[in-house]
Amino acid sequence: MKNFSYVRATSVKEAVQQASTDNNAMFIAGGTNLVDRMKVFLDEPSQLIDITRLEMTRIEPTGEGLRLGALVSNTAVADHPEVRRSYPMLTRAILLGASQQIRNVATVGGNLLQRTRCPYYYDTAFACNKRELDTGCAALTGINRIHALLGASDQCVAVHPSDMCVPLAALDAIVEVESSKGKRQIPFTDFHRLPGDAPQRDTTLEPGELITAVILPPAPFAKSSVYLKLRDRDSYAFALVSVAAAVELADNRIKTARLAMGGMAHKPWRFTEAESFLVGKAANTETFQQAAELALQGAKPLEYNGFKVELAKRAIRRALTVSAKGGGIV
Amino acid sequence: MNKVMGTAVSRKDGQAKVTGTAIYSADHEIAGLVHGYVVTSTIANGRIKTIDTREAEQASGIIAIFTHKNAPQVFKPSNDFMKSKIYEARLPLSDDRVHYAGQIIGLVIADTFERARQGAHLVKVEYDAQKPIVEAKNAVFKEAPPQMGEELKFAKGDVVTGIASAAMKIEATYTTSTELHAPMEPHATIAQWQGTDSLTIYEPSQWLALSQRTYADLFGLPSEKVRIVIPFLGGAFGSKAFPWPHAILTVAAARQIKRPLKVVMSRRQMTANTGHRSETEQTIRLAATTDGMLSAIAHEAKSITSPVDVFTEPCTAVTPALYTSPNLLLTQELAVMNVGTPTFMRAPGENPGMWALESAMDELAWAMKLDPVALRLKNESKEHQRKGLPFSAKHFAECLKVGAERFGWKDRPQLRSLTREGKLVGWGMAASTYPGLRGTTSAKVRLLPDGTVHVLTSGNDMGTGSYTVVAIAAADALGISVEKVRVEMGDSLLPDGGLAGGSQMTASLVPTVMKACQDILKTANCTTATEACAALQRSGRAAIEASASSAPGDETKKWAFQSWGAHFCEVTVDEEIGRLRVTRWVSVMDVGRIINTKAAASQVRGGVIMGIGHALMEECHFDPNNGYPVVYDLATYHIPAHADTPRIDVTFVGEPDLNFNPAGVRGVGEIGITGVSAAIANAVYHATGKRFRSLPLTPDKLIA
Ligand SMILES: Cc1cc2nc3c(=O)[nH]c(=O)nc-3n(C[C@H](O)[C@H](O)[C@H](O)COP(=O)(O)OP(=O)(O)OC[C@H]3O[C@@H](n4cnc5c(N)ncnc54)[C@H](O)[C@@H]3O)c2cc1C
């Protein structure tokens, strides 16, 4: 770990000002991901800007929807009565991630910016373009069991590890950011990016930009939404595949459908085509199976992750089925 | 006086542990301590072409850097198991060869841990790399050599004719994955030299006296000049019995720099160079008569070792103990791959061996439409077929019967017929067994005028509950309360307490402590501790002391000692999404006398939980290209969490095994894990009708 300086920002303005003067500065929130990364030489910031004292700690209703301050803990989001009532898949996704202790300190902003758990990224013994551009991708020919099926490139086959981000993608959440140049809003599905030939970049965030909040737009269709996470152990493990699904029925037909997956790609993957397909159809296994087939059409399995194609289809089918029946725990 | 032996006693060290005052090896605060961080190889096979330490040397706080070019001197130990033993025969930094990824190729020492780690990161290495062999399919298997002085192969009768003439036969191949010990306490060593001829080492050790002799051998010192201190050990499972390369290097470097030195291994490093259980492939052939008597058992096993030491996972050792057959064949093959050195891991051999054998027994039972409990009862061994000796105090049948009763086994429904909340439900069972082992130990007991008793022995408590077991033994022998007994362990200055391994600490130490306590009463010429104490007070002396030793004797020529058990479990399988959960567990164990019912049940539960890990999730992959383990910490190497673990019902049956030792104890540390994975896979078969023969049973396999 290289020496770094530490400053505690007292206002958003001060934080973004400080960040604008130093390209190698990094914000630190809960630190549950960043500190681990620093210990294994993945990040070597010159300075840490501690943002934990900033006024971004509230969950409040606004004209645009429910606004989650960037510093709200993952636990507080999951437990919030309005989130539980209106966005049950979000509560469920958070509670199925990490551990209670980690969720208590992990923040909304930090969760969005946690980096991949690709083992080849995590150890400098392996070649990794994400860690160091143009050094190669050891995962391509390695044990790529947890890796991407969709949207990968020959530079990077890593997946985004977040659970929380999967329902956020399905809900068309909005990411609110601020820098010394001003404020802007980024639609959630544009926030994370595909690796292409710049796998070092996970998001479309510009240097020095601070996440200030995530906004959940009203989503009447999400009341019976579900989150299904499949993994190698029953708790405290990242997803092999996960599904955020919401099905709203009217007269026994599907009125609205939302479908997103984790563990599939470099970003939380939203299946808009499958969603459109579902609208107007009868909510039955056959329909859901067809949606799953459609969703996985473009999947490009690697040597060890082929099983995830079938697992993903089954997970989609199950999640849609449970949501259509009124939701609950899967 | 109520007998304390055989009751439920809370651990004496419990409060220290939960309040953080228990001192583990890396916790010792020593004046002037400096820190080391090892540099490890990023290739698995080849040579170091250049190793450039210049940038590291310039970094702040760096004190010294060792590589193969300036390796500190160490003598080759005799490496005879009972005298001195290191895990890896090749000494650290002995040349420029790289045999496996993660091999230690340097040590950077600095004034702080962080600076040492940064320095290690700055060491630049160029290699002449060769293609490593890290996949068993590319390895060359040969007959395994004898291990610890014993042949691994064994034949009785003729399996070929035994199989040919049988009414029913099955043959199947079972595999297990490479597994890591993953103890809570990482490997860590502090070495403190007093001059150049006297040495104190703080390091987790399952056998202090052997560690002491080994370090004496390595550094050319008399044993009494080496002191090993380890009052608490945070789990070992076989990985902390002898010095690993990092520990040898730490002690050697500390002598060179003339400062106390601490090296703590990271989880990442521990995946590669502090041991593992080899992957295994086992083929079992069983043949039976029409009434279900085994007419042949062939058990053929393969495992992997490293290029720098020889260790065979002795999967077949358990077979001649468990079931009788006139025709029996055991073979073990071994291949060298470019991986770290495998070693003993909780029930070495027995655990994977029972996975294969007890799965095969289930397959045979289904093939013959026999109840698997009945099949086992029919074929129960009368003697240990390899030793040719009868078993002492064997109650295997009772384990099966009591287990079946407690579980409700007789109501077992048809194959693939039971469902709950949309999931398939299955019941499975398997036998459990582990040999009764015992070693030589010594202890000193001291009675003080205030009525307290001290027990002193170097044997240690790996977290298993030995402090409490020793206290119970003394309290019982002297008729006093456990609170009055103070136990000191984990220091090689104390009398040799033997090995905490092979489930033998209790069987080895309890008889010794009992004997020393009896000697106290004899010395005082009294029948109770109260009388002895009164006599002591009158005498004005400071204490009454007695030392005792005990060791196995001729009984091992008359009997075979073995512990027995049975596991029964229920699983649910959500077939569509490949989700398997273990929902109910009953274990019944016959392990001789129980000293502490609480700790003993806890050991069995720990074994079952580790067995669930083995069955469901534990797996260390090696990268096919550079050979480095792809798992790098406890978030990627999965061991069971609470959510994976059902309530575990443990019952003990049987009687004290007084042929074995005067306490009648056989030990309980390892038996719990044996048979667990087979019971689970057998339950999955009952639930789904699908037989799984490759562990772990991860979702990819379940949906295949
Ligand atoms: C053992 C373990 C298991 C885990 N399991 C799961 C799991 O199953 N599912 C899951 O989803 N997650 C899991 N996590 C990840 C966890 O959710 C993240 O570590 C956490 O959400 C990160 O939040 P943080 O506030 O601690 O971020 P930090 O570590 O403080 O920061 C992470 C990154 O975000 C940046 N950052 C933080 N806040 C802002 C902001 N407001 N604006 C701009 N940049 C910012 C930092 O610079 C850094 O790059 C696990 C973590 C651990 C350690």
Side-chain angles (χ1 to χ4, degrees), chain A residues 1-3 36 38-41 44 96 98-99 102 117-127 136 138-146 161 228-238 240-241 243 285 303-319 321-322 330, chain B residues 40-43 59-60 101-102 113-115 117-118 120-122 266 268 271-272 422 574-582 612-613 616-619 621-645 696-704:
Chain A
M1 198 188 266
K2 272 198 185 135
N3 280 343
D36 281 1
M38 287 170 68
K39 284 182 188 167
V40 291
F41 310 100
E44 300 188 315
L96 290 175
S99 66
I102 291 172
R117 296 282 164 164
C118 172
Y120 296 96
Y121 162 71
Y122 251 84
D123 193 318
T124 54
F126 295 115
L140 266 181
T141 55
I143 307 286
N144 39 38
R145 181 171 177 269
I146 63 169
L228 169 61
K229 180 174 182 179
L230 299 177
R231 43 182 163 175
D232 287 327
R233 76 172 154 193
D234 228 1
S235 140
Y236 210 17
F238 288 92
L240 292 166
V241 303
V243 186
T285 310
E303 187 175 353
Y304 292 93
N305 68 356
F307 76 96
K308 293 212 303 188
V309 176
E310 180 61 23
L311 195 63
K313 287 183 194 168
R314 295 179 181 200
I316 291 174
R317 201 165 70 204
R318 172 66 65 86
T321 305
V322 176
V330 241
Chain B
T40 53
S41 161
T42 59
I43 65 159
S60 33
F113 170 77
E114 287 75 12
R115 285 170 156 176
R117 184 174 58 190
Q118 177 68 17
H121 184 59
L122 295 174
S266 70
R268 180 15 152 191
T271 62
D574 191 333
E575 242 185 351
E576 182 184 25
I577 56 174
R579 189 186 268 162
L580 162 60
R581 283 177 173 151
V582 181
I612 291 174
L616 264 50
M617 63 193 82
E618 292 196 41
E619 181 164 37
H621 290 289
F622 296 99
D623 179 68
N625 300 305
N626 90 344
Y628 217 154
V630 172
V631 297
Y632 55 86
D633 60 13
L634 292 179
T636 45
Y637 183 77
H638 295 130
I639 56 173
H642 281 95
D644 302 286
T645 309
L697 302 176
T698 42
D700 46 338
K701 292 178 186 149
L702 292 163
I703 63 157

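Residue contact with chain A, scored on non-hydrogen atoms closer than 4.5 Å, involves the backbone and the side chain of B:Ile703 alike. For A:Leu228, the part sitting under 4.5 Å from any heavy atom of chain B is the side chain, from C-beta outward, and nothing else. Contact of A:Leu230 with chain B is made through the side chain alone, with heavy-atom distances under 4.5 Å. In this structure, no portion of A:Val241 lies under 4.5 Å from any heavy atom of chain B. When heavy atoms are compared at a cutoff of 4.5 Å, A:Asp123 approaches chain B solely by way of its side chain, counted from C-beta outward. Heavy-atom distances place the side chain of B:His621, and not its backbone, under 4.5 Å from chain A. Neither the backbone nor the side chain of B:Pro696 comes within contact range of chain A; no heavy atoms are under 4.5 Å apart. Contacts of A:Lys2 with chain B are made by both backbone and side-chain atoms, with heavy-atom separations under 4.5 Å. Contacts of A:Glu303 with chain B are absent, with no heavy-atom separation under 4.5 Å from either backbone or side chain. With a 4.5 angstrom heavy-atom cutoff, B:Arg117 touches chain A via backbone and side-chain atoms both. Residue contact with chain B, scored on non-hydrogen atoms closer than 4.5 Å, involves the side chain of A:Arg145 exclusively.
Shown here for A:Leu240 and B:Pro699, the closest heavy-atom pair between the two residues is CD1-CG, 3.8 Å. Listed here is the closest heavy atom pair of B:Val630 and A:Tyr120: CG2-OH, 3.4 Å.
From A:Arg117, atom CZ reaches atom CG of B:Asp633 across 7.5 Å, with rounding to the nearest 0.5 Å. Within the model, atoms OG1 of B:Thr636 and CG of A:Asp232 stand 11.0 Å from one another, a figure rounded to the nearest 0.5 Å. Separation of atoms CZ (A:Arg233) and CD (B:Glu618) is listed at 9.5 Å; rounding is to 0.5 Å.
Ranked by non-hydrogen atom pairs under 4.5 Å with chain A, the options B:Thr698, B:Thr42, B:Ile577 are led by B:Ile577. Ranked by heavy-atom pairs under 4.5 Å with chain A, the list B:Glu576, B:His642, B:Met617 is led by B:Glu576. Your options are A:Tyr122, A:Tyr236, A:Phe238, and the one with the most heavy-atom pairs under 4.5 Å with chain B is A:Tyr122. Listed options A:Arg317, A:Lys313, A:Arg231 were ranked by heavy-atom pairs under 4.5 angstrom with chain B; first place goes to A:Arg317. Looking only at heavy-atom pairs under 4.5 Å with chain B, the residue among A:Thr124, A:Val40, A:Ile143 that has the most is A:Ile143. Among B:Ile639, B:Ile43, B:Val631, B:Leu580, the residue with the largest count of heavy-atom pairs under 4.5 Å with chain A is B:Ile639.
Looking only at distances, a side-chain donor or acceptor of B:Asp644 sits under 3.5 Å from a matching main-chain atom of A:Asp234.
Ring geometry, B:Tyr628 versus A:Phe126: the interplanar angle falls from 30° to 60°, so the pair is classed tilted.
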Could you walk me through whether B:Arg579 and A:Arg318 pass the side chain to side chain contact (heavy atoms under 4.5 Å, CB included) check?
CA-CA 12 Å; B:Arg579 189 186 268 162; A:Arg318 172 66 65 86; 5.8 Å; no

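Checked by atom type, the side-chain pair A:Tyr304/B:Asp700 shows no donor-acceptor distance below 3.5 Å.
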